[in-house]
Amino acid sequence: MLLTGAGVWIHQAAASKNSLPDRKGADKSIAITKPTPKDADLPSSKRKKVMTGHSVRGRTLVAERVGNLSSTRRILVVGCLHGDECAGVPVARDLISDRPLRRAQLVVIPDLNPDGRAAGTRQNARGVDLNRNFPWRWQPLGPPGSLFYSGRRPLSEPESRFAHAVVNRVHPSVGIWFHQHLNLVDRSGGNVAIERGYARIVGLPLRKLSRYPGSAVGWENHRFAGSTAFVVELPSGRLTPGEVERFSDGIRTLARSLP
């Protein structure tokens, strides 16, 4: 293992360094195909924890890589970014517990804001909205403790630095960030065909929401030209077991459909 400047432990099973195709701006239909023998799931032992870090209050942050570690089909999934919008955590955990995919890898962060989740607050323990704390078009929004407080500077918070390190390490081709409570998939600025494909798989409408400075998906889409990061707004409240499976299996189906 090595310790980065962000205070993040990285386990040495390196991600593939193959370049990813630039699909941004394309609007082609995604063919959702049935699994072939080559897509058969891997044994559950094919799983690797890639990074660990800590929140402001010292709670553990984990990103776990699951599946074919050499595949360039890399899908990042973040179950919870705002502490009062955490219905995606069971979806993320279900992805980790399922049998890994053979032709894709999932990089799963179940909970990026455990302090906020414990307190039932949108912000982290320092009152920062983590979804305004990423570098792309960051702006000072305040005052401290207000709803959209963006922090003292970009990446001022250990949670956003952790996600920043994970994304830079893995170079995901797709990033899915779960929020609540609008029950839709956001056209977040990446490849709209991928966004539309997931929306169709899980049966949600595709809409374009407002863009905000310092957002996670805005930064991820800017950081990697070939990456498509988007927001999935889950419905209010807790998901039923069937809904958890629908959103989880939808990610696996999307992963199989990627070129």
Side-chain angles (χ1 to χ4, degrees), residues 1-26 28 30 42 46-53 61-79 81 92 95-96 100-110 112 130-131 133-138 154-155 158-178 188-195 197-198 214-232 251-252 254-259:
M1 296 188 297
L2 60 92
L3 180 65
T4 71
V8 177
W9 288 103
I10 302 177
H11 295 247
Q12 289 290 352
S16 170
K17 297 182 180 178
N18 295 338
S19 60
L20 299 175
D22 186 352
R23 300 184 301 278
K24 184 164 291 185
K28 300 177 181 179
I30 294 180
L42 292 166
K46 297 292 185 181
R47 183 182 302 153
K48 180 89 58 175
K49 184 185 295 182
V50 289
M51 292 186 183
T52 59
L61 306 172
V62 176
E64 189 160 345
R65 189 203 287 181
V66 183
N68 184 342
L69 304 187
S70 64
S71 175
T72 58
R73 295 177 177 181
R74 306 183 191 112
I75 297 89
L76 171 74
V77 179
V78 180
L81 179 60
L95 287 168
I96 293 173
L101 296 166
R102 181 174 295 277
R103 297 180 63 197
Q105 58 173 296
L106 304 177
V107 181
V108 184
I109 303 175
L112 190 58
L130 298 176
N131 206 32
N133 194 237
F134 286 80
W136 175 238
R137 293 181 174 172
W138 179 90
L155 301 179
E159 298 91 349
S160 52
R161 289 197 300 272
F162 176 77
H164 184 269
V166 170
V167 172
N168 278 310
R169 174 73 172 177
V170 175
H171 297 200
S173 46
V174 174
I176 299 174
W177 298 69
F178 283 108
S188 303
N191 185 340
V192 69
I194 292 176
E195 297 164 342
Y198 185 72
S215 73
V217 297
W219 166 75
E220 188 178 338
N221 280 324
H222 172 73
R223 176 67 179 85
F224 299 108
S227 177
T228 293
F230 61 94
V231 167
V232 176
I251 293 172
R252 294 168 64 85
L254 180 68
R256 291 187 176 108
S257 74
L258 295 175

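Counting begins at 1 with the first residue of the sequence. Keep in mind that what you see is a predicted model, and the values were worked out from it rather than measured.
- Listed by chain and residue number, nothing satisfies the side-chain hydrogen bond (donor to acceptor under 3.5 Å, both in side chains) test with Trp219 (two or more places apart in sequence, or in another chain).
- A pairwise comparison of heavy atoms in Arg252 and Leu101 identifies NH2-CD2, 3.7 Å as the closest pair.
- Of all the heavy atoms in Phe178 and Val77, the pair that sits closest is CE1-CG1, 3.8 Å.
- When every heavy atom of Pro172 is checked against every heavy atom of Ser227, the shortest pair comes out as O-OG, 3.1 Å.
- Taking all atoms of both residues into account, the shortest heavy-atom contact from Glu195 to Gly189 is OE2-N, 3.5 Å.
- Legend: residues meeting side-chain hydrogen bond (donor to acceptor under 3.5 Å, both in side chains) with Ser215, ordered by chain and number and at least two apart, are absent.
- Taking NE2 of His171 as the start and CZ of Phe224 as the end, the distance is 4.0 Å to the nearest 0.5 Å.
- Side-chain contact between Ile75 and Leu258: present, with at least one pair of heavy atoms (C-beta onward) separated by less than 4.5 Å.
- Asn68 and Arg73 share no donor-acceptor pair across their side chains, judged by distance under 3.5 Å alone.
- Looking at Arg223 and Trp136, their side chains never come closer than 4.5 Å, going by heavy atoms from C-beta outward.
- Across all non-hydrogen atoms, the minimal contact from Val107 to Ala63 is CG1-CB, 4.5 Å.
- Without hydrogens or angle criteria, Thr228 side chain to Asn191 main chain gives a donor-acceptor distance under 3.5 Å.
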(message) For Val108 and Val78: C-alpha separation, side-chain torsions, deciding distance, then whether side chain to side chain contact (heavy atoms under 4.5 Å, CB included) applies.
(response) CA-CA 6 Å; Val108 184; Val78 180; over 6 Å; no
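- Remark: side-chain polar atoms of Ser71 are paired, donor with acceptor, to backbone N or O of Arg103 under 3.5 angstrom.
- Taking CG from Leu61 and OG1 from Thr52, the interatomic distance works out to 8.5 Å, rounded to the nearest 0.5 Å.
- To the nearest 0.5 Å, atom OG of residue Ser173 and atom CG of residue Leu76 are 10.0 Å apart.
- Remark: Arg137 pairs with no residue by the side-chain hydrogen bond (donor to acceptor under 3.5 Å, both in side chains) rule, at least two apart or across chains.
- Separating the CG atom in Leu69 from the CZ atom in Arg74 is a distance of 10.5 Å, to the nearest 0.5 Å.
- Here the straight-line distance linking atom CD1 of Ile109 with atom CD of Glu64 works out to 11.5 Å at 0.5 Å rounding.
- Applying the side-chain contact (heavy atoms from CB on, under 4.5 Å) rule to Ala216 yields the partners Leu81, Asn131, Phe134, Trp177; only residues at least two apart in sequence or on another chain are considered.
- Leu155 is not listed as a side-chain neighbour of Trp138, based on a closest heavy-atom distance of 4.5 Å or more.
- Nearest heavy atoms, Pro110 versus Val62: CD-O, 3.5 Å.
- Two residues are said to be in side-chain contact when any heavy atoms from C-beta on lie closer than 4.5 Å; Leu95 and Ile251 meet this criterion.
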